[in-house]
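Single-structure report; data block below.
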Amino acid sequence: MTEHDAPHTAHPKGTLFLIGLYGVLFVTGWFAVYLLVYLRRGGVTP
Amino acid sequence: MNVPLYEKIWMWAAGAIIIAFIAMVLVTGVGGALQPPSHVETIDPTQVFKDPRFAHPAVTLDTNGATVVAFGMMFGFTPAVIRVPAGKPVTFRMTSTDVTHGFLIVGTNANTMLVPGYVSQFTTVFRQPGEYLIVCNEYCGLGHHLMSAKLIVEQAAP
Amino acid sequence: MSERAVPSTRLALAHLWVAILAFGVAAAMALMQALSRAALDLPWRSARMYYLSVTAHGTLMALVFTTFFIMALGYVVAERTLGRPVPHRALAWTGYWVALGGTLATVASILSGKATVLYTFYPPLKAHPAFYIGATLLVVGSWIWGFVVIRSYVVWKRGAPGQPAPLALHGMLATVIVWFIATIGVAAEMLFLLIPWSLGLTKTVDPELARMLFWYFGHPLVYFWLLPAYVVWYTVLPKVAGGKLFSDPLARLVFILFIVLSTPVGFHHQFMDPGIPASWKLFHAILTFGILFPSFVTAFTVTASLEVAGRMKGATGLLDWLKRLPWGDPLVASVLLSMLLFAVGGFGGAINAAYGMNAVVHNTAWIQGHFHLTVGSATALTFMGTAYWLLPRLTGRELELGLLAKVQPYLWFIGMVLFSISNHITGLMGMPRRIFDASYGGSAVAHAWRGLTGVSAVGGLFLFASSAFFLLVMLGTGLAGKRIAPQPIEWAEPLEPLSPRAGLLDRYGLWTAVAVLLVLVAYAYPLWAHLHMQTYGSPGYSPF
């Protein structure tokens, strides 16, 4: 088996899964606070 | 640069997340005029009581809403009870007579620094009548945690 | 390489011990705050002690512990990646004593009750001159350190033309560049405004100008704390976990992006300030979102390096590699848990940065919840883990009380989850940060915070226990550790062989110039306009 066939040089599918999940939670959480807390409380204008 | 495929996918996604956030801020901030209090006006902090803009801290009602003139001072706000009408635009004009204070109406987005030498101003609408707690949210000395006031939002007279 | 056997470690160790002792004092201060927040009726509980301890905790943790630890790590990286002692050793020691002298002056002024101005020291709160002068000397000492680290690179580079710096040194050079650009702001605030004013040479100070200069410094300060942690994540963690670095060029790119984007974002700490036009705040907000990108990339690259480690040990399937990681190793556990906490911290940061939405969280308990996940975990927990790895290698002593070192990161994690999550929630409910007492005369709104402030205090107890474990391990190892054969300090190898030629990402002068240009775009006009506006100074107040 050459270095390039070794399992550790395959695509990091577990990482893409975990980090992708994090990205989804990040975006969902951010928009949730923006829409459900910030905008619901009523805006402030300068 | 040779970027591994899966990381490339994530980098595009990360870029998209960032652009989505910026787009949301621009749409509501520039489009909807929802901006942080950023008024630029100065005042001599040692002369606040004599300055015509702050000599009479009070709420002034008019047909369109209300204007609140107030200041923070170690360790309280003047006026200590602020009555405003519900559902109408209320403009706050505030400053500090000594150190830097904060002004937060708990449960609302009314949140600003009161920096001596500067006038903080913003406009907002209180939809829900009731009593709100106002707190100083910037450390201003040993009485910081005692510095609070009351906002009473009243149902407009029929 | 035979040269690697000779480098002296006394310089790094001297800095490391100051960091550890500062951490110990700061942790004791934190315990007092945690108990105070729980409203326990303790005999020594007073507003004066509370605000004094907040000042001491913030200054010792955020400015002293971090700076001395980073200086220690910087010297280790410069010596051990290049395999030669750092140049200008007498100057480096001078920097150490200047920084230490300054630290002692600042700490003495705080503990004597003459500088209860918190570590943000916003005027017109006025501290004893020793507070400002001492803090300035700490920065001057760190400048000498930065100069010596850069000179190490320059001297090495002469003998190795065209070669890229080793990645760990690349990250440290980025740290130094960020620090030099950042500290211009605080140096200007200290030298032109606060020191003359505290000495009575000037009568008044413009508080908003001081805030602008402070936050010009205050945000890149965050990356001064974070980048050395990233150095450990990229170049030490994969090695200790038994893997390889997933991508060396991307790691280089990340550090360069931080050089460019760290500073022109400071107004995002001042969204709620008067005196700064909304348009400039919006500009800084957009750049702040840009700085999420290098941290998003870091999350992937470091996690993928861990996946490589797990798969090299034979893991198969989607997530089995997680189980193959050495979770019992103090460095690995510290870094992995600090990454988990930072994942939440980064999310909170994206909320803080969101312009108008900042009103929801500004100066509420959310903020202390947030930065205990960032500087208090991503940085501090990583540094503690690094200390477990570094101290035996510098002293030639075996790590003592190894069981405590294994448990300590988990205690920190539990404590921080309890402390931080509860503070995020009370922040959303409107509880201000930095308050001695949260009762507000029996207000019903304030009463609703009570259960969660108790949770936060329990978190504080866990954190204190964790800190005590850390200190015991450090002192035990340093004073009584068994002498062993020196272990090597080894850096992670990249998965793909490193290019032997320095490229665009190794051109530090160029990227510094880009960074300075962007700083000018973001700050020159607002500062110029501010200085040309009719402003009024404030006399000083010392209400403590």
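A note on names: the letters A, B, ... follow the listed sequences, proteins ahead of strands, and every chain is numbered from 1.
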Given a strict heavy-atom distance threshold of 4.5 Å, which part of [X] is in contact with chain C: side chain, backbone, both, or neither?
X	value
B:Met74	side chain
B:Phe75	side chain
B:Leu104	side chain
B:Pro116	both
B:Met24	neither
B:Ile43	backbone
B:Val119	backbone

Checklist entry - Have B:Tyr118 and C:Asp206 got a donor and an acceptor in their side chains that come within less than 3.5 Å? => result yes
How close do [X] and [Y] get, counting heavy atoms only, and between which atoms?
X	Y	value
C:Gly430	B:Val135	O-CG2, 4.5 Å
B:Asn111	C:Ala359	ND2-O, 2.9 Å
B:His145	C:Asp437	CB-O, 3.4 Å
B:Val106	C:Met429	CG1-O, 3.3 Å
B:Trp10	C:Phe296	NE1-O, 2.9 Å
B:Leu142	C:Ala47	O-CB, 3.7 Å

For each of [options], tally heavy-atom pairs with chain B at distances under 4.5 Å, and name the one with the top tally.
options	result
C:Lys126, C:Arg211, C:His362	C:His362
C:Leu125, C:Val445, C:Thr204	C:Leu125
C:Leu250, C:Ile286, C:Asn358, C:Thr535	C:Leu250

In terms of heavy-atom proximity below 4.5 Å to chain B, should [X] be classed as side chain, backbone, both, or neither?
X	answer
C:Leu504	neither
C:Thr364	side chain
C:Ala350	side chain
C:Leu505	side chain
C:Ile276	backbone
C:Leu428	neither
C:Ala278	both

Can you check whether [X] reaches [Y] side chain to side chain, under 4.5 Å on heavy atoms?
X	Y	result
C:Pro277	B:Val40	yes
B:Glu138	C:Arg434	yes
C:Asn363	B:Met113	yes
C:Pro539	B:Thr46	yes

To the closest 0.5 Å, what do you measure between [atom1] ([X]) and [atom2] ([Y])?
X	Y	atom1	atom2	result
C:Thr303	B:Glu7	OG1	CD	9.5 Å
C:Tyr355	B:Leu26	OH	CG	9.0 Å
B:Tyr139	C:Tyr122	OH	OH	13.5 Å
B:Ile134	C:Tyr440	CD1	OH	12.0 Å
B:Met147	C:Ile435	CE	CD1	13.5 Å
C:Asp273	B:Leu114	CG	CG	10.5 Å

Checklist entry - When only heavy atoms count and the cut-off is under 4.5 Å, which of residues 113-120 of chain C reach chain B? => result C:Thr116, C:Val117, C:Leu118
Next on the checklist: Take a 6.0 Å sphere around CZ of C:Arg507 and say whether it holds more than 12 heavy atoms from other residues, nucleotides or ligands.
Outcome noted: no
Checklist entry - With respect to chain C, which residue among B:Gly143, B:Pro37, B:Ala110 yields the maximal number of heavy-atom pairs within a distance under 4.5 Å? => result B:Pro37
Checklist outcome for this item: chain C shares the most heavy-atom pairs under 4.5 Å, among B:Ala14, B:Pro36, B:Gly141, with B:Pro36
Checklist outcome for this item: From the list C:Tyr51, C:Phe544, C:Phe436, C:Tyr50, side chain to side chain contact (heavy atoms under 4.5 Å, CB included) partner of B:His144 resolves to C:Tyr51
Checklist outcome for this item: Residue set satisfying salt bridge (charged side-chain N to carboxylate O under 4.0 Å, His left out) with B:Asp44, at least two apart, ordered chain then number -> none
